[in-house]
Amino acid sequence: MAIGEASGEAAGETAGRDFIRDIIADDLAAKRRSKVVTRFPPEPNGYLHIGHAKSICLNFGVAEEFGGQCHLRFDDTNPTKEEQEYIDAIKADVRWLGFDWGAHLHHASDYFEQLFAWAEHLIQSGKAYVDDQSQDEMRAKRGTLTEAGQNSPFRERKVEENLDLFRRMRAGEFDNGARVLRAKIDMASGNINLRDPVLYRILKAHHPRTGTAWSIYPSYDFAHGQSDAIEGITHSLCTLEFEDHRPLYEWFLANLPVPSKPRQYEFARLNLTYTVLSKRVLTELVRGGHVKSWDDPRMPTLAGLRRRGVPPESLRDFVKRIGVSKSNSIVDMGMLDFSIREVLNTTAQRRMAVLRPLKVVIENYPESKTEELEAVNHPENEAAGTRKLHFGREIYVERDDFMEVPEKKFYRLSPGSEVRLRYAYFITCREIVKNAAGEVTELRCIYDPATKGGNAPDGRKVKATLHWVSAADAVKAEVRIFNQLFSKPDPDASNFAGDLNPQSMEVLADCQIERSLVDYKAPVQFERQGYFCRDIDSTPQKLVFNRTVGLRDTYSKVSGVKPPGQK
RNA sequence: UGGGGCGUAGCCAAGUGGUAAGGCAGCGGAUUUUGAUUCCGCCAUCCCCUGGUUCGAAUCCAGGCGCCCCAGCCA
């Protein structure tokens, strides 16, 4: 029986109940299992994305919660698509997400010899045969979704001949595609996976781990369940599309002398709005130059999210919130944003940075004077301390914080209005300076010396507080704003080019940032704007920041004015 | 009349015969030197549809409808 009304107390990291956890709890309670062993089984043919994060959190999370273990096992059975680069990246990503496989790093290729022996076992028991048909012939005889297939003319080959042929396949005597080893099950099955599935194919390719030792490789179906059995996996969790494979998975376990009997359970894979979670598409995005790299901050890859500044805690929180079920769903990207803000709000220190600078000259502030003002680093965490801000006659404020003709709900700077400069003074706009083209190039303001620190002794209130930066002290920097990679909530994965958002990245090259940011490396909140992190493209000469996510913005909702590049 | 799944609010998602949890989004309002955060309150007479069983059904039965997956020597 399910326990936990799950709420409150327990480790914030513990996920709630779901059908998988219920099954496991049941198995344990009924003593069908004495421990829990799961596995995360990526194929090293691409980078991990947020959909994998769901699986990783599920597999490692469940093992942790029930005091079991989770293995990292590379499903490396297709050397034509797999690369060492991916193996290394996957390990780094899983670790970054916060999980540890301990001594349990495995590979399907570790079991190639055993798998081969089991294939011979099947041949010997008359349950597998070598088929000489071409790929096209096999396809033609497989039948259709509504019609049964036809038996291969090689289906009744003698055991000895099958054994001999299979061994020669391994020895490399035949060309790629010349023959395959097939299970002898049922060509008329309604489940196409049972129509004599291929167990081994000839693939003369270099394997990242076994090199050229093999010229035949097992198929996914023949390798996966048996690898699970070898490792003593108890609950083999995979996505819905493998549901049809379960009868085959069980067929092998029933017909082979395996050391344990794992059970497969399927859950729905993650889908997110405004992006695509398909290795094929992600690979094309990279190879086609639509993004700069696998770790481009616009990518839903773990590497991309990491570079963008998303903390691993946010991903874990997100996965916990979306739950695990069997219904296909498309999760709103806003959920991810929420989890990112949730974590960053409490961990990121605050700083000021002006992204689109507008110069302000405070006319009644003495030309030669400068001051040091104190600012808190985190409004909800005193332990984060304070820092000094340089203040002078000339400062920069955000261009969006000024409107020559303010609209109804706009209560920032406009001619004659008074606002507060955070941690500094109240200022009032007196005059607008424009260039020949009529664009505002400078604001002339006056300040009230009595409001130092940001409060008026006479109790006078102000409707807005602006972030700012000292013109004399600020440092120039580049800031990259990322928007949705796709312009549609449900991009067409089979023809994605047309759905790409042309404004997915916006580079602001002339930002003015607070000096203290020069050697601040942690995730940070630029007040009133969002969470940012230093990008690896930064050099001592040029700092580059990535916007991880913007702050919630209720103003743009009421005004209908969205920041540039946003929808 | 191929096989396998799934259908609870705009989006996730609990619930498995006793009278619709929770989260995201949204909407009000309080606090606020971030239009942020925080805090309060609102937000499914109804669970794909139609019948039926029952004192009582989202939950059971029957029949429909809709969506997803499968015809790789990919995983």
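Below, chains carry the letters A, B, ... as their sequence lines are ordered, and counting in each starts from 1.
Looking only at atom types and distance, the side chain of A/S329 has no donor-acceptor partner in the side chain of A/S327 under 3.5 Å away. Donor-acceptor pairing under 3.5 Å is lacking for the side chains of A/D448 and A/T451. Using modelled atom types and a 3.5 Å distance limit, the side chains of A/R350 and A/H467 yield no donor-acceptor pair. A donor atom on one side chain and an acceptor atom on the other are found under 3.5 Å apart for A/R351 and A/N377.
Using a 4.0 Å cut-off between charged nitrogen and carboxylate oxygen, A/R21 and A/E65 count as a salt-bridge pair. Checked for salt-bridge contact, A/E250 and A/R246 miss the test: no charged N lies under 4.0 Å from a carboxylate O. Salt-bridge annotation for A/R39 and A/E231: absent, with no side-chain N of the basic residue lying under 4.0 Å from a carboxylate O of the acidic one.
In this structure, B/C42 forms a base pair with B/G26, meeting either the Watson-Crick or the G-U wobble geometry with both donor-acceptor distances under 3.5 Å. Across all strands shown, B/G35 forms no Watson-Crick or G-U wobble pair with both key distances under 3.5 Å. In this structure, B/A9 makes no Watson-Crick or G-U wobble pair, since no nucleotide meets both defining distances under 3.5 angstrom. If you check B/U19 for Watson-Crick or wobble pairing at under 3.5 angstrom, you find it has no partner at all. Under the Watson-Crick and G-U wobble criteria, each requiring two contacts below 3.5 Å, nucleotide B/G2 is paired to B/C70. As the counterpart of B/A62, B/U50 is assigned, both hydrogen-bonding distances of the Watson-Crick or G-U wobble pattern falling under 3.5 Å.
In this structure, A/K279 reaches neither bases nor backbone, as no heavy-atom distance under 4.0 Å exists between it and the strands shown. Residue contacts for A/Y411: at a heavy-atom cut-off of 4.0 Å it reaches a base atom on one of the strands shown. Nucleic acid contact class of A/N176 (heavy atoms, under 4.0 Å, all strands): none. Residue A/Q525 is classed as a base contact, given a heavy-atom separation below 4.0 Å to a base. Counting any heavy atom pair closer than 4.0 Å across all strands shown, A/T77 reaches sugar-phosphate atoms only and no base atom.
For the side-chain hydrogen bond (donor to acceptor under 3.5 Å, both in side chains) with A/E371, the qualifying choice from A/H390, A/K452, A/K388 is A/K452, the only one to do so.
Here the side chain of A/K326 is nearest to one of B/G4, B/C74, B/C6, namely B/C6. The A/T465 side chain lies nearest to B/G35 when the options are B/G35, B/A36, B/A75. Comparing B/U34, B/G35, B/A75 by their closest approach to the side chain of A/P379 singles out B/U34. The side chain of A/V180 lies closest to B/C73 when the candidates are B/C73, B/A75, B/U34. For A/R139, whose side chain is taken as the heavy atoms from C-beta onward, the closest listed nucleotide among B/G72, B/G5, B/C70 is B/G72. Side-chain atoms of A/T554 lie closest to B/G35 of the nucleotides B/C12, B/G35, B/C74. Distances were taken from every side-chain heavy atom of A/M138 (C-beta onward) to each of B/G5, B/C73, B/A75; the shortest belongs to B/C73. For A/I192, the listed nucleotide lying nearest its side chain is B/C70; candidates were B/C70, B/U34, B/G23. Out of B/A75, B/A71, B/C12, the shortest distance to the side chain of A/T144 is found at B/A71. Closest to the A/S327 side chain, of the nucleotides B/G7, B/C73, B/A75, is B/G7.
Taking the P atoms as reference points, B/G52 lies 32 Å from B/C68, given to the whole Å. Taking atom P in both B/A21 and B/A44, one finds a spacing of 10 Å when rounded to whole Å. Annotation: B/A9 and B/A20 have their C1' atoms spaced 11 Å apart (nearest Å). Distance check on atom P: B/G7 versus B/C49 gives 14 Å, rounded to whole Å. Annotation: B/C40 and B/A13 have their P atoms spaced 27 Å apart (nearest Å). If you take atom P in B/C46 and the same atom in B/A58, they sit 11 Å apart, rounded to whole Å. Rounded to whole Å, the P atom of B/C48 lies 16 Å from the corresponding atom of B/U16. A distance of about 9 Å separates the P atoms of B/U59 and B/C47, rounded to the whole Å.
For the pair A/R170 and A/W214, the cation-pi test (distance below 6.0 Å, angle within 45°) is passed. Geometrically, A/R321 does not engage A/F338 in a cation-pi contact, judged by NZ or CZ lying under 6.0 Å from the ring centre and within 45° of the ring axis.
Here B/C73 presents its C1' atom at 16 Å from NZ of A/K141, a figure rounded to the nearest Å. B/C68 atom P lies 13 Å from atom CG of A/L240, rounded to whole Å. A straight line from CD of A/Q349 to C1' of B/U34 spans 15 Å, rounded to a whole angstrom.
Side chain A/D244 to base B/G3: a donor-acceptor pair is found below 3.5 Å. The base of B/G35 is not paired with the side chain of A/R528 by any donor and acceptor separated by under 3.5 Å. Residue-to-nucleotide contacts include no donor-acceptor pair under 3.5 Å from the side chain of A/H467 to the base of B/A36.
At least one side-chain nitrogen or oxygen of A/R142 sits closer than 4.0 Å to the OP1 or OP2 atom of B/C73. At the phosphate of B/G72, neither OP1 nor OP2 sits under 4.0 Å from any side-chain N or O atom of A/R195. Between A/S325 and B/A14, a side-chain N or O to OP1/OP2 separation shorter than 4.0 Å is absent.
Here B/G72 is in the syn range [glycosidic angle within 90° of 0].
Taking for each of A/M335 and A/Q133 the nucleotide of RNA chain B with the nearest heavy atom, the 5'-most of the two is the partner of A/M335. The residue among A/D136 and A/K461 whose nearest nucleotide of RNA chain B is located toward the 5' end is A/K461.
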Between the protein and nucleotides 37-44 of chain B, list every N/O to N/O distance that falls short of 3.5 Å.
unit_1, atom_1, unit_2, atom_2, d
B/U37, OP2, A/R552, NH1, 2.9
B/U37, O2', A/N345, ND2, 2.9
B/U37, O2', A/E380, OE1, 3.3
B/U37, O2', A/E380, OE2, 3.1
B/U37, O2, A/E380, OE2, 3.4

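Counting heavy-atom neighbours within 6.0 Å of A/K463 NZ, excluding the residue itself, gives a total of 12 or less.
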